[in-house]
Amino acid sequence: MIPVKAYAAHNPKSSLTPFSFSRRDVGDNDVQVDILYCGVCHSDIHQVRDEWGDSIYPMVPGHEIVGKVVNVGKNVKKFKTGDLAGVGVMVDSCRHCEPCNHGLEQYCVEGMTGTYNTIERDGVTVAQGGYSTQIVVDERYVHKISEKLDLKAVAPLLCAGITTYSPLRYVGVKEGTKVGVIGLGGLGHMGVKFAVSFGAEVTMLSTSPSKEKDAKRLGAHKFLNTKDEAEVKKYHNYFDVLLNTVSANVPYEQYLDLLNLNGKMIIVGLPSEHPTLNPFKLLKNRRTIIGSMIGGMPETQEMLDYCAEKNIVSDIELINIDYINEAYERTIKGDVRYRFVIDIASLKK
Ligand code: NAP
Ligand code: ZN
Ligand code: ZN
């Protein structure tokens with residue numbers, strides 16, 4: 001077994017505190033990654049606080065993991081010692097169902113194995129995430145990371161990046177598509193960057209007027225303060241695509257009015273309470289609501305390669321592990337520009 005230092009939550013109300021556990025030994029198909037950086041996703045906070053139900057404690061969160069390969073099993077082909085590697089939101093799936101066979105492992109019929117807060121496929125091991133020093137994962141679920149980019153700013157691509165890239169590609173965002181990104185946080189700021197890079201006309205929809213300058217710097221062409229009802233009205237029947245990244249319970253209806261004919265609202269934000277929906281809002285303009293969960297293994301690699309080619313990374317605030325509880329409070333307040341990333345060196349001291 002491989003000893004690991006980490007930070008864990010012990011119940012929904014506790015702070016995260018230092019914690020030790022062991023990873024499995026490196027199997028024939030496994031890659032051992034010495035973790036260098038791990039992003040802080042709002043999903044970490046939802047799960048630590050048991051906002052989705054059925055949380056497993058102690059819980060080591062973290063699914064935006066980058067680091068260096070330090071050991072590989074004898075069958076491993078993709079990696080060698082010294083390579084950079086990334087691990088995202090899942091570490092396994094059934095590997096034989098139709099979605100798995102089509103590289104859509106996140107929609108595995110038997111359920112994907114999350115990077116943490118889940119029981120692994122052996123039925124006993126509790127998966128633990130990236131607020132830790134080492135991780136061991138089957139190579140199928142590990143991504144290659146380019147040496148070209150700033151590694152600490154690459155970490156959030158493993159969740160915030162793929163979660164926004166995948167649905168924008170799926171609905172065919174291209175030159176001239178009118179895209180509105182709702183919520184300027186970790187996911188939202190990546191959504192803006194990708195939609196702009198695909199040639200879309202991008203509007204940032206935010207409850208925080210103070211973020212307007214940043215939204216424009218990130219590439220958004222317009223900014224809509226969603227608290228200003230008169231301004232919101234001007235955008236009725238306007239957008240082809242809305243990417244809803246809001247982590248809180250806000251009525252979807254409030255945004256559906258903004259969709260044009262055949263407009264689509266992609267839901268990626270996962271509040272604990274469930275918004276209401278007036279079906280009349282869907283009938284008008286033949287609107288669609290689409291949910292989307294992260295991205296499969298091939299598309300995640302495609303996104304990472306695309307980012308290396310286009311020089312796209314996340315805007316981050318680098319923190320030491322002992323700042324994690326304050327980082328959670330600030331994320332909940334929307335006070336992060338735009339992703340906290342933990343320097344795992346601070347855990348190795
Ligand atoms: P985040 O950094 O906290 O950003 C969320 C943003 O939502 C905030 O910055 C804020 O933007 C807006 N917001 C927050 N509270 C609001 C409220 N009461 N009313 C209106 N807007 C509000 O969170 P994140 O890490 O980007 O994650 C966003 C959500 O996506 C979370 O629920 C997370 O669990 C989920 N998620 C889903 C997937 C997936 O696969 N589908 C993957 C990762 C994360 P403004 O200040 O601009 O309004
Ligand atoms: Zn995430
Ligand atoms: Zn499967």
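Whatever order the structure lists ligands and atoms in, that order sets their numbers, starting from 1.
Aromatic rings from Tyr131 and Tyr7 are positioned such that their centres are separated by 6.0 Å or more.
For the pair Asp34 and Lys348, the salt-bridge criterion is met [side-chain N within less than 4.0 Å of a carboxylate O]. A salt bridge is defined here as a Lys NZ or Arg NE, NH1 or NH2 lying under 4.0 Å from an Asp or Glu carboxylate O, and Lys284 with Asp257 fails to meet this definition. Ion pairing between Glu105 and Arg95 fails under the 4.0 Å rule for side-chain N and carboxylate O. Taking the charged nitrogens against the carboxylate oxygens, Lys211 and Asp214 have no contact shorter than 4.0 Å, which rules out a salt bridge. A salt bridge does not link Asp83 to Lys78: none of the charged side-chain nitrogens sits closer than 4.0 Å to a carboxylate oxygen. Contact check on Glu212 versus Lys216 returns a salt bridge, with a Lys/Arg side-chain nitrogen under 4.0 Å from an Asp/Glu carboxylate oxygen.
Between Tyr328 and ligand 1 there is no heavy-atom distance shorter than 4.0 Å. Residue contacts with ligand 1 include Cys159, since one or more of its heavy atoms lies under 4.0 Å from the ligand. Under a 4.0 Å heavy-atom criterion, Gln106 is not in contact with ligand 1.
Distance alone, capped at 3.5 Å, places no donor-acceptor pair between the Asn260 side chain and the Asp240 backbone. In this structure, His102 contributes its side chain and Pro99 its backbone to no donor-acceptor pair below 3.5 Å. Looking at Arg330, its side chain does come within 3.5 Å of a backbone N or O of Asp335 through a donor-acceptor pair.
Within the 4.0 Å heavy-atom criterion, neither part of Met204 lies near ligand 1. The proximity of Thr163 to ligand 1, defined as any non-hydrogen pair under 4.0 Å, is limited to the side chain. Residue contacts with ligand 1, taken as heavy atom pairs separated by less than 4.0 Å, involve Trp52 solely via side-chain atoms from C-beta onward. Here Ser292 has backbone heavy atoms under 4.0 Å from ligand 1, and that is the only part of it that gets that close.
Counting the atoms of ligand 1 from 1 in the order shown, those under 4.0 Å from a heavy atom of Ser208 are 45 (P), 46 (O). Counting atoms of ligand 1 from 1 in the listed order, those under 4.0 Å from a heavy atom of Val250 are 19 (N), 20 (C). Close approach to Ser206 involves these atoms of ligand 1, each under 4.0 Å from a residue heavy atom: 45 (P), 46 (O), 47 (O), 48 (O). Counting the atoms of ligand 1 from 1 in the order shown, those under 4.0 Å from a heavy atom of Thr331 are 3 (O).
Using a 30° and 60° split on the angle between ring planes, His46 and His42 fall in the tilted class, from 30° to 60°. The aromatic rings of Phe194 and Tyr165 lie perpendicular to each other, with more than 60° between the two planes, well past the 30° mark.
Among the atoms of Leu184, some N or O lies under 3.5 angstrom from an N or O of ligand 1. For Leu205, no nitrogen or oxygen atom sits less than 3.5 Å from a nitrogen or oxygen atom of ligand 1, counting backbone and side chain alike. At least one N or O atom of Lys211, backbone or side chain, sits closer than 3.5 Å to an N or O atom of ligand 1. Ligand 1 has a nitrogen or oxygen under 3.5 angstrom from a nitrogen or oxygen of Gly186. Residue Met293 has no N or O atom closer than 3.5 Å to an N or O atom of ligand 1.
Nearest non-hydrogen protein atom to atom 34 (O) of ligand 1 is Ser43 OG, 2.8 Å. If you check which protein heavy atom lies closest to atom 25 (O) of ligand 1, you get Arg339 NH1, 2.6 Å. In this structure, atom 40 (O) of ligand 1 lies nearest to the protein heavy atom Ile294 N, 2.8 Å. Scanning the protein for heavy atoms near atom 4 (O) of ligand 1, the closest one is Gly185 CA, 3.4 Å. Closest to atom 20 (C) of ligand 1 among all protein heavy atoms lies Thr207 CG2, 3.4 Å. Among protein heavy atoms, the minimum distance from atom 28 (C) of ligand 1 is reached at Thr245 O, 3.0 Å. Atom 3 (O) of ligand 1 has its closest protein heavy atom at His42 ND1, 2.7 Å. For atom 16 (C) of ligand 1, the closest non-hydrogen atom of the protein is Ala248 CB, 3.8 Å.
For the pair Arg49 and Tyr328, the cation-pi criterion (under 6.0 Å, within 45° of the ring axis) is not fulfilled. A cation-pi arrangement, defined by a distance under 6.0 Å to the six-membered ring centre and an angle within 45 degrees of its axis, is present between Lys144 and Phe79. Annotation: cation-pi geometry satisfied between Arg169 and Phe198 (NZ/CZ under 6.0 angstrom from ring centroid, within 45° of ring axis).
Heavy-atom proximity to atom 6 (C) of ligand 1, evaluated over Ser166, Gly161, Gly183, is greatest for Gly183. With atom 13 (N) of ligand 1 as the reference point, the heavy atom nearest to it among Val246, Ile267, Thr226, Val89 is part of Val246.
Residues Leu158 and His143 form a side-chain contact, since some pair of their non-hydrogen atoms from C-beta on lies under 4.5 Å apart.
Chaining together hydrophobic side chains whose heavy atoms lie under 4.5 Å apart places Ile56 alongside Ile119, Val126.
Under a hydrophobic-cluster definition in which Ile, Leu, Val, Met, Phe, Trp and Tyr are linked whenever side-chain heavy atoms come within less than 4.5 Å, directly or via other members, Leu205 and Val246 are assigned to the same cluster. Both Met297 and Leu304 are members of a single hydrophobic cluster when ILVMFWY side chains are connected at heavy-atom separations under 4.5 Å. Linking Ile, Leu, Val, Met, Phe, Trp and Tyr residues whenever their side-chain heavy atoms come within less than 4.5 Å places Leu36 and Phe340 in a single cluster.
Within 6.0 Å of CG in Asp54 there are 12 or fewer heavy atoms belonging to other residues, nucleotides or ligands.
Only protein atoms were considered; those of element N, O or S under 2.8 Å from the Zn ion (ligand 3) number 4.
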What side-chain donor-acceptor pairs closer than 3.5 Å can you find for residues 170-179, not counting sequence neighbours?
unit_1 : atom_1 : unit_2 : atom_2 : d
Thr177 : OG1    : Lys174 : N      : 2.9
Thr177 : OG1    : Lys174 : O      : 2.9

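Sorted by chain and number, the protein atoms of type N, O or S within less than 2.8 Å of the Zn ion (ligand 2) are Cys41 SG, His63 NE2, Cys159 SG.
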